[in-house]
Every structure is written in structure tokens, then in C-alpha cells.
Protein chains: 2
Amino acid sequence: MSTRTDKKQQTRQNLIDAALGLLNQQRSFGSLSLREVAREAGLAPNAFYRHFDDMEDLGLALVDVAGQSLRTVMREARQKLVTSQSVLDVSVNALFDHIAREPQLFHMLLREQGTGSESWRRAIRTEIRYFTNELAEDLERLGQAKERPIADAYTTADAIVAITFGGAGNALSMSADSRSELAARLVLQLRMIMLGSERMAEARD
Amino acid sequence: MSTRTDKKQQTRQNLIDAALGLLNQQRSFGSLSLREVAREAGLAPNAFYRHFDDMEDLGLALVDVAGQSLRTVMREARQKLVTSQSVLDVSVNALFDHIAREPQLFHMLLREQGTGSESWRRAIRTEIRYFTNELAEDLERLGQAKERPIADAYTTADAIVAITFGGAGNALSMSADSRSELAARLVLQLRMIMLGSERMAEARD
DNA sequence: CATTTCAGTGTACGCGTGTACACCAATGTG
DNA sequence: CACATTGGTGTACACGCGTACACTGAAATG
């Protein structure tokens with residue numbers, strides 16, 4: 001009873017992959033056309049409607065996929081938060097590796113935050129806020145464990161995310177060399193934030 | 001001998017204003033059509049070509065206008081860098097005021113960095129890098145004057161710009177209330193960076 | 001086995017687009 | 001004053017788009 005549903009899932013996935021395949025640093029999701037995506041997926045234009053209401057609907061599905069991918073990065077980073085010494089260094093490099101593996105996904109998340117429909121932008125904002133909240137929690141816990149508390153965990157986490165994701169967005173259109181140079185600078189900047197946050201917490205006592 | 005050239009300049013400006021007028025948080029520059037802009041400017045579509053090669057050409061002109069506006073903000077901020085006590089607070093609020101006055105310009109600069117043609121993105125990157133360089137210079141000078149030097153002025157400036165512009169980009173689609181809340185958080189984050197940078201410089205001795 | 005469901009097709013439509021071409025009328029030039 | 005320059009117009013074209021409609025054939029259902 002599932003040959004039918006399986007096949008449907010498959011072509012749905014084909015549409016998603018087709019859209020992703022058409023994205024690159026020159027081409028934003030907003031510039032893709034329904035016909036174009038259907039063509040790339042080997043479908044007649046009309047068949048698109050069997051799977052999504054319109055391009056916006058597809059877009060939200062893509063953000064969802066990207067969100068899952070982002071959560072994977074985070075989970076890995078959280079593991080390292082416990083074990084490693086040079087947390088920041090390892091985390092940033094982990095993120096950069098991940099980005100290099102799925103550039104289109106992160107193109108959407110990091111570089112198309114500001115464009116598109118209201119719901120598109122809200123969906124992206126939600127994914128990123130989720131990331132920030134989790135990080136804030138980790139920072140707080142970690143700060144107490146090491147007895148070097150930080151000031152205002154959410155604000156600190158937000159700064160870290162802004163720096164990291166902003167940088168990662170730029171990394172998308174860079175050579176491997178410039179990329180690792182950028183990664184090094186990001187680590188420095190994150191260290192500044194952590195240092196500053198700790199110092200602010202000290203001053204508050 | 002200038003009735004002709006004057007008029008031409010005027011309609012060119014009309015085209016620029018028309019494009020700017022069509023931009024808002026839902027509508028990105030990339031989604032504007034040549035005909036649409038010409039229509040808004042009260043021109044026949046063909047007349048567009050008397051002033052710009054194509055939409056990309058217009059886009060670069062717009063980035064140029066935005067860059068000039070950005071440089072104005074910076075000049076004001078630099079004045080305050082010398083006179084005021086709470087530099088960061090005043091600077092961030094100055095930027096936010098400016099943004100509220102010309103939202104379309106900053107929409108392009110802050111939210112459409114990641115989309116569009118190669119030359120479009122390079123033009124935007126150049127404007128922002130200019131800003132970062134000037135800030136780095138100021139930070140270095142200021143740090144020496146106050147005998148509280150900072151570490152790696154360019155890296156510090158880059159972090160400040162990333163935080164500030166990232167935040168400002170988000171501010172564009174916020175209510176006035178959320179906006180000032182955000183501004184307050186940004187000031188905190190910038191203080192973290194400054195504090196951290198100073199501490200890094202101390203540690204290096 | 002007869003019937004219903006439904007993913008996918010082909011045709012067709014009106015629309016907005018970029019831009020080529022021929023033209024006009026006012027300004028600038030010798 | 002005669003002529004050249006040029007900002008702007010109107011017409012026309014082919015194109016890609018979203019999507020409505022009628023359809024088909026295979027899988028699912030009873």
C-alpha cells in the first residue's frame with residue numbers, strides 16, 4: 001500500500017534537490033521559477049502542484065531542510081564543547097566544514113535572510129534563534145562549571161552567532177585559502193567576546 | 001549649453017528615486033524590472049537605456065548612493081568619537097536614526113549583500129570594507145591616546161561592524177520599540193568586544 | 001474484477017518582460 | 001540659418017512565466 005506514497009515522496013525529494021541544485025552564489029531562491037524547478041526535476045510544470053502550493057511553499061520546505069542540517073552542526077559542536085580545550089577553534093572549523101559540504105543550504109540560511117516573503121524570513125529567523133538559545137544555555141552551564149561566569153548569556157550567544165554566521169555567509173564565496181584565514185579571524189573575534197563577557201560579569205560583582 | 005545635460009541628470013535622478021521608491025522589506029532590488037522602474041519614473045521603457053546599460057548598471061549606481069550615505073554616518077560618528085563619553089551608545093543610535101531615515105538604501109547594503117551579481121556584491125563589500133578600515137584607524141588612534149590599546153585593530157573593527165550592521169539589517173523590519181531594545185543589546189555586545197580586545201592586548205604584553 | 005483515486009501529461013491562455021526599430025522634436029553647433 | 005545630436009516615444013516581437021482545463025494510465029480499494 002506504499003508504492004504510491006513512496007513514489008510521491010521520491011518526486012517531492014527530487015523537486016527539493018532540483019531547487020537546491022539550481023542555487024549558487026549568483027542565483028537566489030527568489031529568482032527561481034516554478035517551471036525551472038520542475039524542468040530540473042524532470043517533471044511537467046503542472047505536476048509541481050501535486051507537491052507544493054507554490055514556490056513559497058517549496059521555499060519553506062527548503063528552510064526546514066536547512067534547519068535540520070544546522071541542528072546537526074550544533075549537536076556536533078555541543079559534543080566538542082564538553083571534551084575539547086580550544087572550543088571556539090574547533091567549533092568554527094566544524095561549521096565551516098559543514099558549510100563547504102552543503103553550500104546551497106547555507107546560502108539560503110545565511111545570505112537570504114533579508115529577502116523574500118514575511119514567512120520565509122520568519123522561518124529563517126526561527127532556525128537561527130533556536131541555535132542562539134541552545135548556545136546561550138550551553139554558555140551559562142559551562143561558565144558555572146568553570147567558575148568563570150559570563151554576563152548575560154543570551155546577549156553573548158547572540159553576538160557569537162552574529163559574528164560566526166555573518167562570517168560564514170561571506171565564506172560561501174571564498175577560496176579555501178581566504179576561508180581558513182577568515183576562520184582564524186573569527187576565532188579571535190569570538191575570543192574577544194568571551195573575554196569581554198567574562199570581564200563584564202566580574203565587574204558586576 | 002547645459003539645459004540639455006541638466007535635464008538628463010534630472011531624469012537619471014528620477015530613475016534612481018523611482019527604483020528606491022519601489023524597494024521595501026518585501027521587495028528586493030533583484031526583483032525590480034526595467035519596465036517597472038521606467039514606469040515609476042514616468043518614462044517609456046526605452047528611455048531607460050539613455051541612462052543605464054541595464055538594471056545591473058542602475059544597481060551599481062544605487063550602491064554608490066548608499067555608500068555616500070554610509071560615509072555621512074561615519075563622518076558624524078567620528079566627530080562623536082572624539083567628543084562623547086559613551087561612544088558606542090551614541091554611535092549605534094546615530095546609525096539607527098540614519099537607517100530609519102533612509103531604509104531602502106540600507107536595505108540594499110545590509111540585506112542584499114548575499115544576492116545578485118558578482119559586481120553588485122563586490123561593490124557592497126567595498127563600501128563596507130571602507131567603513132571597517134576607517135574604524136580600525138580610529139580605534140588604534142583612540143586606544144593609544146587613552147593608553148588602553150586594543151589587540152589587532154582591524155579584527156576588532158571587523159567584529160564591531162559585523163555586529164552592528166548585522167543588527168541594523170534586522171532592525172529594518174522592526175517596530176520602534178523592538179528597535180531600541182535591539183540597539184541596547186548591540187551596545188552591550190560592542191562593549192564586550194572592546195573589553196575583550198583590550199584584555200587581549202594586555203595579555204600579550 | 002469493477003471502480004475510484006491520483007501523480008503526472010499536453011495544450012492553451014493571457015501577461016509582463018527585455019529590447020530592436022523607426023521616428024520625432026527640441027537643443028546644441030558650425 | 002542649416003544641420004547634427006540626442007532624450008524620449010510608440011509599435012512590435014519573441015520569450016518565459018503561472019496556471020486553468022481536460023486527459024491518461026497505473027495503483028489502491030471494495
Side-chain angles (χ1 to χ4, degrees), chain A residues 1-24 26-63 65 108 112 115-120, chain B residues 1-24 26-63 112 115-120:
Chain A
M1 87 166 199
S2 63
T3 312
R4 198 95 165 233
T5 19
D6 282 0
K7 265 198 169 173
K8 183 165 188 183
Q9 281 300 330
Q10 181 57 53
T11 42
R12 189 192 141 98
Q13 190 59 48
N14 287 346
L15 282 168
I16 289 178
D17 292 343
L20 243 28
L22 287 167
L23 290 176
N24 59 46
Q26 311 273 5
R27 211 103 158 59
S28 68
F29 177 78
S31 77
L32 300 185
S33 77
L34 184 154
R35 287 177 106 101
E36 204 176 4
V37 174
R39 208 181 301 133
E40 185 77 8
L43 280 179
N46 281 322
F48 181 95
Y49 295 109
R50 300 286 180 196
H51 304 275
F52 302 100
D53 290 346
D54 47 30
M55 283 299 285
E56 162 136 1
D57 197 20
L58 209 205
L60 295 180
L62 286 188
V63 173
V65 174
M108 294 194 332
E112 296 196 60
T115 330
S117 71
E118 169 58 24
S119 42
W120 164 272
Chain B
M1 87 163 198
S2 63
T3 312
R4 198 98 165 229
T5 21
D6 281 0
K7 267 197 168 176
K8 183 163 189 183
Q9 281 301 329
Q10 180 58 53
T11 42
R12 188 191 142 98
Q13 190 59 48
N14 287 346
L15 282 168
I16 289 178
D17 292 343
L20 244 27
L22 289 167
L23 290 176
N24 59 47
Q26 310 275 3
R27 210 101 158 60
S28 68
F29 177 78
S31 78
L32 300 184
S33 77
L34 185 153
R35 287 177 105 103
E36 205 176 4
V37 174
R39 207 181 303 133
E40 184 77 7
L43 280 178
N46 281 321
F48 182 95
Y49 295 109
R50 301 286 180 196
H51 304 276
F52 301 100
D53 290 346
D54 47 29
M55 283 299 287
E56 161 136 2
D57 197 19
L58 209 206
L60 295 181
L62 285 188
V63 174
E112 296 196 60
T115 329
S117 71
E118 169 58 26
S119 41
W120 163 272

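Letters A, B, ... are given to chains in the order of the sequence lines, protein chains preceding strands, and every chain is numbered from 1.
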In whole angstrom, what separates [X]'s [atom1] from [N]'s [atom2]?
X: B/Q9; N: D/dT6; atom1: CD; atom2: C1'; result: 15 Å
X: B/L43; N: D/dG7; atom1: CG; atom2: P; result: 12 Å
X: A/L32; N: D/dG18; atom1: CG; atom2: C1'; result: 15 Å
X: B/Q10; N: C/dT27; atom1: CD; atom2: C1'; result: 17 Å
X: A/R35; N: C/dA12; atom1: CZ; atom2: P; result: 14 Å
X: B/E36; N: C/dG16; atom1: CD; atom2: P; result: 11 Å
X: B/K8; N: D/dT6; atom1: NZ; atom2: P; result: 8 Å
X: A/L34; N: D/dA20; atom1: CG; atom2: P; result: 11 Å

Does [X] put a side-chain nitrogen or oxygen below 4.0 Å from OP1 or OP2 of [N]?
X: B/T3; N: C/dT27; result: no
X: A/R12; N: C/dG8; result: no
X: B/R4; N: C/dA25; result: no
X: A/T11; N: C/dG8; result: yes

(request) Consider only side-chain N and O atoms of A/T115 and B/E112, and report whether a donor and an acceptor are under 3.5 Å apart. (result)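 B/E112 and A/T115 do not have a side-chain donor-acceptor pair below 3.5 Å.
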(message) Side chains of A/N14 and A/Q10 only: does a donor on one sit below 3.5 Å from an acceptor on the other?
(response) yes
Compare all side-chain heavy atoms of [X] with those of [Y] and state whether any distance is below 4.5 angstrom.
X: B/L32; Y: B/L23; answer: yes
X: A/D6; Y: A/Q9; answer: no
X: A/F29; Y: A/V37; answer: no
X: A/D54; Y: A/L34; answer: no

(message) Looking at A/E40 and A/R35, is there a salt bridge between them, counting it only when a charged N and a carboxylate O are closer than 4.0 Å?
(response) no
(request) Can you sort out which residues in residues 46-58 of chain B have a heavy atom within less than 4.0 Å of DNA chain D? Ascending by number, please. (result)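 Contacts with DNA chain D under 4.0 Å: B/N46, B/A47, B/R50, B/H51.
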